[in-house]
Amino acid sequence: EPEVTQTPSHQVTQMGQEVILRCVPISNHLYFYWYRQILGQKVEFLVSFYNNEISEKSEIFDDQFSVERPDGSNFTLKIRSTKLEDSAMYFCASSGDRGGYTFGSGTRLTVV
Amino acid sequence: KQEVTQIPAALSVPEGENLVLNCSFTDSAIYNLQWFRQDPGKGLTSLLLIQSSQREQTSGRLNASLDKSSGRSTLYIAASQPGDSATYLCAVYAGNNRKLIWGLGTSLAVNP
């Protein structure tokens, strides 16, 4: 069964540092997403990406965040200057035309 | 604004019981609804996807129903096993903005 692959599985970073979270979506999917889940809270939408551009972003996705699809397979989330409150589980997902998301196993980001 | 609520928040049952998890949503204009399983500290595993035109979906011991007009979905787990212990999340997909809106989940413990 096709999978969404995320790396790294864990990342610890110092406040103010830049981090890049990486994802390889399912190859024939057209829509790509990042979500996050702060411990004990609901999963929250960050951004959706289609046809090489952002199609929607949430209020959380401010200027500190950016996404990129640098080649035909990778999809990255960059946080420019991390804050303590960015500590969360970050999930990448992809979907085809009729919805039906497939999620990766997540990257646990800890900002210290 | 779409809100998703899941009841109960937690459930503890003896092995072998049949159980029902509930999900309600405030805006019936959804494209589909997806049920996920999350093990502690782990990723989001898709269990069942119900399109808005469908009434139910089945996979093994799992059956999910959807009543769009009343804004409700139920996940039925037959003959529960200790391996079913996890958090079960439902998420609705509005389609027009291609993002999932999540409930907080039901934490299930199945005791041997």
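Reminder, nothing fancy here: chain letters follow the sequence lines and each chain counts from 1.
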- Item | Nearest heavy atoms of Ser46(B) and Tyr101(A), plus distance in Å | CB-O, 4.2 Å
- Item | Whether over 12 other heavy atoms sit under 6.0 Å from Leu39(A) CG | no
- Message: Please classify the contact of Tyr50(A) with chain B as side chain, backbone, both or neither, using a heavy-atom distance under 4.5 Å.
- Response: neither
- When you measure from the side chain of Glu56(A) to the backbone N and O of Lys99(B), does any donor-acceptor pair fall under 3.5 Å? no
- Note on the structure: Comparing Gln37(A), Glu44(A), Arg108(A) against chain B, the one with the most heavy-atom pairs below 4.5 Å turns out to be Gln37(A)
- Query: Just by distance, do the side chain of Lys42(A) and the backbone of Ile101(B) share a donor-acceptor pair under 3.5 Å?
  - Reply: no
- Measuring from Leu49(B):CG to Ser95(A):OG, what's the distance to the nearest 0.5 Å? 10.5 Å
- Item | Evaluation steps, ring pair (Phe, Tyr, Trp, His ring centres under 6.0 Å), between Phe103(A) and Trp102(B) | CA-CA 14 Å; Phe103(A) 280 83; Trp102(B) 297 79; 5.6 Å; yes
- Counting only heavy atoms not in Arg69(A), do more than 12 sit closer than 6.0 Å to its CZ atom? yes
- Note on the structure: Here the gap from Leu100(B) atom CG to Phe45(A) atom CZ, rounded to the nearest 0.5 Å, amounts to 9.5 Å
- Message: Nearest 0.5 Å, please: how far is CG in Leu104(B) from CD in Gln41(A)?
- Response: 9.0 Å
- Query: How long is the span from the CE atom in Met89(A) to the NZ atom in Lys42(B), to the nearest 0.5 Å?
  - Reply: 8.0 Å
